[in-house]
Peer 1: 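Before I ask anything, let me first share the structure, which is written out below as structure tokens.
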Amino acid sequence: MEQQKNIYFLSDFHLGTPSHADSLVREKLIVQFLNEIEDKAAEIFIVGDMFDFWYEYKYVVPKGYVRLLGKLAQLSDRGIKLHFFVGNHDMWMTDYLQQELNMPVYFEPKEFSWNGKQFLIGHGDGLGPGDKGYKRLKKVFRNPVCQWAFGVLPPQLGMGVANYMSRRSRAKTGSSEEIFLGEDKEWLVQYCKEKLQEKHFDFFIFGHRHLPIDFRLTSNSRYINLGDWISFYTYAVFDGNNIQLLSYQHNDHKIIRNH
């Protein structure tokens, strides 16, 4: 890491929902945040569900999001390393971000190391015990034949179907996302514990859960969930030694308490 530079982690913007107007307000706030951290950032990780739905047809990408994509292009051109992990809402990424933003796209959790600290980073969907229905559905969605079949549909029809399914998914989850279920019932906590049996990680960084969580797994290992930019406006920042989970809501940075 460069001296005096930080690494930032954000996730779950879900741009495009629940309306264009609401999404635009959120997008402008995210861009404002990126403007403020630009001079302090060595790398920026977007850990999934940047969009509420995304599909890259051969010659078509979903319209909109020009402010955020333009800002990310500016950051990339400036030499700030960008990373993107696909989420369950934008898993059908191909090479658009790589070509336009020089932004690598990861489809599975990936290990990183900075200053001797070991990280495991991923979106978090389909990890740990439980949620067997979604895990089966994810295999279908990730199947190349199924992706090709969806791409055959006209974009207007395909986007309509996808947006309907996305709304159903959010309605099913509801407010339960905002409640910490306890160590034994949080699937990502269980997943982190399983991974610690195989290898030490100082920090596990995930999204998907939509709840800011800073959970101490052991005396020297923590699970950080990044929350979202719908209700909490949260992000994590690593300064080379330690990591903090903070809120940007109304431009007021607040430390999120540990669970």
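Only this structure's heavy atoms are used, side chains among them; waters, hydrogens and symmetry mates stay out.
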Peer 1: Could you tell me which residues satisfy salt bridge (Lys or Arg N to Asp or Glu O under 4.0 Å) with Asp184, sequence neighbours excluded, listed by chain and number?
Peer 2: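 Checked Asp184 against salt bridge (Lys or Arg N to Asp or Glu O under 4.0 Å); zero matches.
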
Peer 1: For Tyr223, check ring pair (Phe, Tyr, Trp, His ring centres under 6.0 Å) against everything at least two apart and list the hits.
Peer 2: none

Peer 1: Donor-acceptor pair, Arg216 side chain versus Ser219 backbone, under 3.5 Å?
Peer 2: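 Checked: pair present.
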
Peer 1: Distance check, rounded to the nearest 0.5 Å: Asp12 atom CG versus Thr234 atom OG1?
Peer 2: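 If I round to the nearest 0.5 Å, the distance is 9.0 Å.
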
Peer 1: Listed by chain and number, what are the ring pair (Phe, Tyr, Trp, His ring centres under 6.0 Å) partners of Phe203, not counting sequence neighbours?
Peer 2: Phe119

Peer 1: Checking side-chain contact (heavy atoms from CB on, under 4.5 Å) for the pair Val237/Ile243: CA distance, chi angles, key distance, verdict?
Peer 2: CA-CA 5 Å; Val237 56; Ile243 193 166; over 6 Å; no

Peer 1: For atom CG of Asp22, is the number of surrounding heavy atoms from other residues, nucleotides or ligands below 6.0 Å larger than 12?
Peer 2: yes

Peer 1: Applying side-chain contact (heavy atoms from CB on, under 4.5 Å), run through His14 and Asp228 and close with a yes or a no.
Peer 2: CA-CA 9 Å; His14 288 269; Asp228 65 22; 5.7 Å; no

Peer 1: In the structure I gave you, are the side-chain heavy atoms of Leu181 and Arg209 within less than 4.5 Å of one another anywhere?
Peer 2: yes

Peer 1: Quick one: salt bridge (Lys or Arg N to Asp or Glu O under 4.0 Å) partners of Lys117, sequence neighbours excluded?
Peer 2: none

Peer 1: As a test of understanding, state which of Trp114, Phe206, Tyr8 forms a ring-ring contact (aromatic ring centres under 6.0 Å, His included) with Phe45.
Peer 2: Trp114

Peer 1: Kindly determine whether Lys110 and Leu120 satisfy side-chain contact (heavy atoms from CB on, under 4.5 Å), including the steps that lead there.
Peer 2: CA-CA 6 Å; Lys110 183 175 174 60; Leu120 184 65; 5.9 Å; no

Peer 1: Kindly assign one of parallel, tilted or perpendicular to the pair Trp229 and Tyr235, based on the angle between their ring planes and the thresholds 30° and 60°.
Peer 2: tilted

Peer 1: Ignoring hydrogens and angles, tell me if any N or O in the side chain of His123 forms a donor-acceptor pair with the backbone of Gly207 under 3.5 Å.
Peer 2: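 Looks like no, no N/O pair under 3.5 Å.
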
Peer 1: Asn6 side chain to Ala41 main-chain N or O, any donor-acceptor pair under 3.5 Å?
Peer 2: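 Between the backbone of Ala41 and the side chain of Asn6 there is no qualifying donor-acceptor contact (under 3.5 Å).
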
Peer 1: With ring-ring contact (aromatic ring centres under 6.0 Å, His included) as the criterion, how do Phe84 and Tyr106 come out once you've worked through the C-alpha distance, each side chain's angles and the decisive distance to 0.1 Å?
Peer 2: CA-CA 6 Å; Phe84 183 78; Tyr106 311 106; 9.1 Å; no

Peer 1: Check Leu10 against Phe33 and note the closest heavy-atom contact, atom names and distance.
Peer 2: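 What the structure gives for the nearest pair is CD2-CE2, 3.5 Å.
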
Peer 1: For Lys40, which residues count as a salt bridge (Lys or Arg N to Asp or Glu O under 4.0 Å) partner, sequence neighbours excluded?
Peer 2: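 Expected list: none.
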
Peer 1: Determine, step by step, whether Leu196 and Thr218 satisfy the side-chain contact (heavy atoms from CB on, under 4.5 Å) criterion, reporting the C-alpha distance in whole Å, the side-chain angles of both residues, the deciding distance to 0.1 Å, and the verdict.
Peer 2: CA-CA 9 Å; Leu196 283 175; Thr218 68; 4.1 Å; yes

Peer 1: State, with a plain yes or no, whether a side-chain heavy atom of Met50 is found less than 4.5 Å away from one of Leu68.
Peer 2: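 A side-chain contact under 4.5 Å exists here.
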
Peer 1: Between Leu15 and Leu69, is there shared hydrophobic-cluster membership here, with clusters defined by ILVMFWY side-chain heavy atoms closer than 4.5 Å?
Peer 2: yes

Peer 1: Quick one: does Ser11's side chain have a donor or acceptor within less than 3.5 Å of a partner on Ile46's backbone?
Peer 2: no

Peer 1: Between His208 and Asp49, is there a side-chain donor-acceptor contact under 3.5 Å, judged purely by atom types and distance?
Peer 2: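 Distance-only check fails for Asp49 and His208.
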
Peer 1: Looking only at non-hydrogen atoms, find the nearest pair between Leu245 and Asn225 and report the distance.
Peer 2: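 Taking every non-hydrogen atom into account, CD2-O, 3.6 Å.
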
Peer 1: Check salt bridge (Lys or Arg N to Asp or Glu O under 4.0 Å) between Glu100 and all other residues, then give those that pass, not counting sequence neighbours.
Peer 2: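 So Glu100 forms no salt bridge (Lys or Arg N to Asp or Glu O under 4.0 Å) with any residue.
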
Peer 1: What pair of heavy atoms forms the shortest contact from Asn115 to Gly240, and how long is it?
Peer 2: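 Heavy atoms of Asn115 and Gly240 come nearest at ND2-O, 3.1 Å.
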
Peer 1: Any non-hydrogen side-chain atom of Phe201 less than 4.5 Å from a side-chain atom of Ser113?
Peer 2: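 In short, these two side chains do not touch, never coming nearer than 4.5 Å.
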
Peer 1: Are Lys71 and Gln74 close enough that a side-chain donor and a side-chain acceptor fall under 3.5 Å?
Peer 2: yes

Peer 1: Cluster question for you: counting only ILVMFWY and a side-chain heavy-atom cut-off of under 4.5 Å, with indirect links fine, are Leu72 and Leu24 together?
Peer 2: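 Shared cluster, no.
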
Peer 1: List the atom of Cys192, the atom of Leu217, and the distance in Å for their closest heavy-atom pair.
Peer 2: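 Taking Cys192 first and Leu217 second, the nearest heavy atoms are CB-CD1, 3.6 Å.
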
Peer 1: Using a strict threshold of under 4.0 Å (side-chain N to carboxylate O), is an ion pair present between Asp214 and Arg222?
Peer 2: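 Yes.
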
Peer 1: Just checking, is any N or O donor in the side chain of His83 or Glu43 under 3.5 Å from an acceptor N or O on the other one?
Peer 2: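 Per modelled atom types, His83 and Glu43 side chains form a pair under 3.5 Å.
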
